[in-house]
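Below, read A as the first sequence line, B as the second, and so on, with proteins coming before strands; counting in each chain starts at 1.
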Amino acid sequence: MHNSWPKTNSDVCIRCATCMAVCPVSRVTPLFPGPKHAGPGAERFRKPGDPSVDKWIDLCIGCHLCDLVCPSGVSISEMNLIAKAKYLDEKGRPFRDWLLTHSYLFGQLGSFSSSVLNRLFQNGVVKWFVESILGIDRRRELPAYQSSTFRQWFKSHPSKGQRKIAYFYGCYINTNEVEVGKATVQVLEANGFEVFLPPQECCGIPMLGNGDFNGARKMALKNVPSLLQAIQSGSDIIFSSTSCGHMIKHEYSHLLNIPGSEEVAKHTFDLFEYLRNLLESGNLNSRFKKLPIKAAYFAPCHLRSLGIGLPALEILRLIPGLQIDNIEADCCGLGGTFGFKKEKYEISQEIGKDLKEAIDRLTPEIVLTDCEGCRMQIRHLTGLKVLHPIQILRDALLQGIDKEVGR
Amino acid sequence: MKLQTEILIIGGGATGAGILRDLSLRGIPSLLIEKGDFLSGASGRNHGLFHSGGRYVVSDPEAARECIAENRILRKIAPHCIEETDGFFVSLPEDGPDFRDRFIQACKDANVPAHLLSRDEALSLEPGLTPTLLSAVKVPDGAIDPFELVLSNAKDAETYGGKFLLHTGVTSLLMEENKVKTVLAKDLLHGEEYQIEASHIINATGAWADEFLKLAGLRVAMALSKGSMLITNQRLTHRVINRCRPPSDGDIIVPNHTVSILGTTSVRLEDAENFEVTPQEVSRLIRETSRMIPAIEEARFIRAYAGIRPLFQSEEKGDDRAISRGFVLIDHGKKDGIKNLITITGGKLVTYRLMAEKTSDLLCQKMGIHAPCSTHLKPLPGAGKLSGLKDRLKTLGKSETLCDCELVRKEEVEEVLKEGKLKNLQDILHRTRLAKGTCQGGFCVYRLLGILNESGLAEGDSNNILKGFLEERWKGIRPILWGSAVKEEELMEGIYKGLFNL
Ligand SMILES: Cc1cc2nc3c(=O)[nH]c(=O)nc-3n(C[C@H](O)[C@H](O)[C@H](O)COP(=O)(O)OP(=O)(O)OC[C@H]3O[C@@H](n4cnc5c(N)ncnc54)[C@H](O)[C@@H]3O)c2cc1C
Ligand code: SF4
Ligand code: SF4
């Protein structure tokens, strides 16, 4: 019985409003009523046959911050997502949303297209088209595609080590931040691992974030068997993108009920969580060189929601000379594809304001964060150089490696 | 103060309010007095089932016929008070098909539309039903909002010249040979006393009928039966769910706005004033209803409450041919020689209009006037009000909400206050859905008091009003205090004891 009545049920909400204090969206716009009302509150008014009237549900950014603070364990964001899916199913999704959630397809076009795409994205006429026809805000820089994908690099990179480990790199690393993938592989190899890439598709979080459960499920159904196979061959799985990781570890089982996903979740780890385990068992290669840099670290929402603390910060603090501060701010405001949408750009920017101010106060030379969305947004907000923490760890660990760090 | 009226109606439940409207539409000057607010009796404490008649087809076909006829009329004249959900009569393996087959035949005989659904059909419409069910019979049951119903009746009556005095109870009757000469009544909040003269008096005091008659030295053979109900935090089903077996405890689940109401029990009582829901009743209701909807075992409850129904000895029923067995209409002129007194009691919320019609017909006959009934034709005011859940959800974020759980807007409450005549907090709570949700007013009633204070409408000390409210609230919560409700109450205790220092 307990299983058929999951805790997403609004029955356990005690109306305390604790969640209202943390929601980044309701903090900046009166259009969104906030987690207590949008989630367990509105749930009492939803009837299966009724058309959705909660237009504002589309504004929930899916940051999970409300879930984290709720004293009763209500899965508010999940409730919102389900309502959002229903709303969008009825209202229909713009082509723009399809484009944003299927950007992995561009990646499949291969490196040939990158220069064409990049140039296109810079073009004024294209920008106009992108904004007025597609509804993607022109103030957003569209992510640049790199000339060679991570997979291509990896193919020509002989990996060797005593233990095998599977790497779920995610679309963005493959086509837009190849350097993060390289750094991950290099650090793992420096710790004696042989990295391999199990066959994988987009994790599906962009679709899920847009309430497209079917699209997300399609991806999950491809990934889970392949990841299971890697696990059965005796290796663990690590991810460097906290969003992909959160999707695989939580949503595959909790929301999408993908068979085998619980098993996958058990063996899948955040990259830095994994490194911290190595540290705790005395197996981390920590022969770091001095890195005299002033950096600031931002913990992405999805990382916080994994409930593993801030492993990247713990590891980075081992690097001599590296001055690193934790940025005290709630959410970057990008929310995956949310901040690209014309109608949501202002909200996204307004949410990010706190983060920008917090960064300004710390005056870092670079900012580090585990999520590609956060990196994009922080670059956009501050103009600073923003890297994945693994890139700094790599630099501290390995001398003489090519230094074409990030962008 | 001396008052004079043609007709005096005692009791502001559905029956009394229905009569006031009926007479006012017939142009007969009438005054209603009620010792509390409208709906202080059974009308405000029932199951809210908009009967199709299904529940009575086997045991009392005549009552069933009345129900289905009124069901059809009310759908037309009071659409804003009714949610047309349909109802299922669910057969479980232990019930077997025999009663079901009798039930379907009886529905046919009583003219209650009934459709047999297979297990799979029933489950696809109501996935919360137990998968072990045999079948379900669909009937045109629904949910009725008694507050909306009674208040719309009162409002329309007022438009046609009907008058009422609330919080005014009858204290004694001055008799003169063969009639009631003067009715003495008292404003129970402010102490004002009234001597009321009327040519006819209608006793519509429901379960208090006998107590009232005692004031005239008369009796009616009736017993009192308590029925208890539990309210869940959310709707469990979107149709009324009945058990397909002879009526007994814990066999109905009625959706009502955001919640479901489970009921009911039947316990003999001595007195109509002091009663509460017992732990045994709570366990019994949950045990029985969860056989149909297993999730009830895990569901959160937000309140328990009880109402009292009058029960009649058989000679009382049917001793007048005009009286249906569903309700009791007594002409005390014929029965006891008190020629200006009528008692109307029993029946159902769903048959309130019919009861009012029959009472008014009898009165007209006694008065020798010809004024036909029109309540079956003339719609009640307020049909355009917000009623559906989705309409309410639509308002979220549009303006300041006072009650977060039920999405009652500040404007809505101010509207009610503007209409005036409200004497205490409970009156306001009767007229909105404020405090009827998850936290049971824990977070909104103090906000409401703020508004009352600002507008100078709060009579008396706010702290005392709040204390009174909390005591009432506690009565409803104590019987269901487990699980999330305990957590909620701890929070409330923190707020009221810690922050407000009450
Ligand atoms: C537990 C339960 C469940 C029920 N479920 C349903 C259902 O689902 N569907 C349905 O159709 N019906 C249902 N009923 C029946 C329905 O509630 C009643 O038939 C109906 O409300 C009776 O209305 P009434 O006006 O006759 O009596 P009441 O509503 O009881 O009104 C009598 C009024 O008289 C007032 N009064 C008493 N004495 C005095 C006095 N001396 N001076 C002034 N005023 C006085 C009282 O304060 C009270 O307000 C249920 C009843 C109960 C008890
Ligand atoms: S998931 Fe984030 S944006 Fe959505 S309601 Fe919760 S806190 Fe607000
Ligand atoms: S924090 Fe949890 S319990 Fe409190 S109002 Fe929000 S959802 Fe309800």
Side-chain angles (χ1 to χ4, degrees), chain A residues 1-20 23 25-26 28-60 70-74 76 79-80 83-84 86-87 90 347, chain B residues 83 85 125-128 131 232-239 255 257-260 290 294-302 388-401 403-407 436-444 483-492 494-495:
Chain A
M1 208 52 248
H2 282 268
N3 295 339
S4 67
W5 215 234
K7 66 177 186 196
T8 43
N9 193 311
S10 58
D11 272 4
V12 292
C13 168
I14 56 167
R15 316 301 291 154
C16 66
T18 308
C19 54
M20 297 294 276
C23 175
V25 179
S26 60
V28 303
T29 172
L31 296 175
F32 184 64
K36 168 180 164 180
H37 304 305
E43 198 63 14
R44 297 176 67 244
F45 289 83
R46 296 190 181 113
K47 270 194 334 194
D50 277 358
S52 298
V53 293
D54 35 14
K55 187 166 183 262
W56 35 258
I57 199 70
D58 198 26
L59 295 178
C60 168
C70 172
S72 300
V74 181
I76 310 160
M79 234 176 255
N80 290 353
K84 184 194 243 186
K86 180 168 178 284
Y87 167 71
E90 286 169 18
I347 294 176
Chain B
E83 194 186 337
T85 62
L125 291 167
E126 286 296 351
T232 57
N233 176 49
Q234 294 186 77
R235 280 168 85 118
L236 301 175
T237 63
H238 296 285
R239 290 167 186 76
H257 295 276
T258 46
V259 303
S260 285
S290 63
I296 287 174
E297 278 180 21
E298 301 285 319
R300 165 150 177 209
F301 294 92
I302 54 177
L389 292 181
K390 90 176 173 325
D391 298 331
R392 237 174 223 291
L393 187 55
K394 251 190 222 162
T395 68
L396 178 51
K398 295 264 163 64
S399 63
E400 195 181 334
T401 27
C403 166
D404 295 337
C405 301
E406 290 298 311
L407 300 180
K436 296 194 173 70
T438 308
C439 75
Q440 290 286 298
F443 287 102
C444 57
S484 296
V486 178
K487 254 183 155 178
E488 184 83 65
E489 285 322 286
E490 273 172 7
L491 181 61
M492 290 304 145
I495 292 176

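Looking only at side-chain heavy atoms (C-beta outward), R44(A) and V259(B) come within less than 4.5 Å of each other.
When all heavy atoms of I14(A) and S484(B) are compared, the pair lying nearest together is CG2-O, 3.9 Å.
Evaluation of the ring pair (Phe, Tyr, Trp, His ring centres under 6.0 Å) rule for F301(B) yields W482(B) as partners, not counting sequence neighbours. Under the rule for a salt bridge (Lys or Arg N to Asp or Glu O under 4.0 Å), the partners of K86(A) that lie at least two apart in sequence or sit in another chain are E90(A).
Taking SG of C16(A) as the reference point, atom CD of E488(B) lies at 8.5 Å (rounded to 0.5 Å). From E43(A), atom CD reaches atom CG of L393(B) across 10.0 Å, with rounding to the nearest 0.5 Å.
No donor-acceptor distance shorter than 3.5 angstrom exists from the side chain of K47(A) to the backbone of G388(B), with no hydrogens or angles considered. The main-chain N or O of C13(A) is found under 3.5 Å from a side-chain atom of R300(B) such that the two form a donor-acceptor pair.
Proximity to chain A involves both the backbone and the side chain of L396(B), based on heavy atoms less than 4.5 angstrom apart. When heavy atoms are compared at a cutoff of 4.5 Å, P40(A) does not approach chain B at all. For a residue to count as touching a neighbouring chain, one of its non-hydrogen atoms must lie under 4.5 Å from one of that chain's; by this rule K36(A) touches chain B with the side chain only. Contact of I495(B) with chain A is not made at all, since no heavy-atom distance falls under 4.5 Å.
Considering only heavy-atom pairs separated by less than 4.5 Å from chain A, the leading option among C405(B), G397(B), G483(B), G442(B) is C405(B). Options E490(B), H238(B), K394(B), R235(B) differ in how many heavy-atom pairs under 4.5 Å they form with chain A, and the most are formed by H238(B).
We find that R15(A) and D404(B) are not joined by a salt bridge, their nearest charged nitrogen and carboxylate oxygen being 4.0 Å or further apart.
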